[in-house]
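Okay, so here's the structure we're looking at.
As the structure is a prediction and not an experimental result, all values here were calculated from the model. Order of appearance sets the numbers: ligands from 1, and atoms from 1 within every ligand.
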Amino acid sequence: MRLLLIEDNERLRDLTRKQLQDAGFAVDAVGDLDSAEAAVETTRFDVIVLDLGLPDGDGGSFLKSMRKRGNATPVLVLTARDGLDDRVAHLDAGADDYLVKPFAAPELAARLRALLRRPGQALADRLSVGDITLVVAERSAQVTGQPLNLPRREIALLELFMRRPGRTVTKAEIERAIYAFDDEVTANTIEVLIHRLRKRLSDAGSRVSLETLRGIGYLLRDAGT
Ligand code: CA
């Protein structure tokens, strides 16, 4: 899941980015509204975490103008203010949720998952395709009940496929969902990642396989059906 974090405090930004990466998000982090505008213009994010006090303006006005332009990406507002009026104002301005600073990373990750679960977003906590099960919050996967240990990107890739069972996933979709702007993605990065995941599934004896549809993309197929 591709996430944009907008936070000007460098320490908090780096820490939150790391924690959200550990929770399985592909995180792009920016420190001001100019960079945030540029990011949302070029990339479709699954969810946005927005600080309100930013050096070049107010996060609230960014949110309003984003909504005015028809961008419906779920937004969680980070606020140091805990007044009821402020919260109501943020929600009225188009925020989907808010969290008062200081916050605990597991709570932020849980709130974000809840936002992504809302109607219209095909999300669930526990995904299951054939003999593979994936528990989203734990970033853990199993094949016929046996743990399948996967590095962060491979589990993100598996999650992406399991959310689109029986559907073709293109390289562009994989790149968007799994890699952030500052990640190096070369022509064969995704092929290598696919190859690794495919090997792990077959080594684990799964009857689910990752098929290549040449020139189109990839498909997770359950041989048992
Ligand atoms: Ca701030």
- Message: I'd like to know if the side chain of Asp46 and the backbone of Leu3 have a donor-acceptor N/O pair within less than 3.5 Å.
- Response: no
- Query: Does the shortest distance from the Ca ion (ligand 1) to an N/O/S atom of Leu54 fall below 3.0 Å?
  - Reply: no
- Message: So, applying salt bridge (Lys or Arg N to Asp or Glu O under 4.0 Å) with Glu7, which one of Arg13, Lys101, Arg17 is it?
- Response: Lys101
- For the Ca ion (ligand 1), what is the closest N, O or S atom on Asp8? OD1
- Message: Test your reading of the model: is there a side-chain donor-acceptor pair from Glu138 to the backbone of Ser140, 3.5 Å cut-off?
- Response: no
- Task: Could you verify whether a donor N or O on one side chain and an acceptor N or O on the other, from Arg198 and Thr212, lie under 3.5 Å apart?
- Result: yes
- With respect to the Ca ion (ligand 1), what is the nearest N, O or S atom of Asp51? OD2
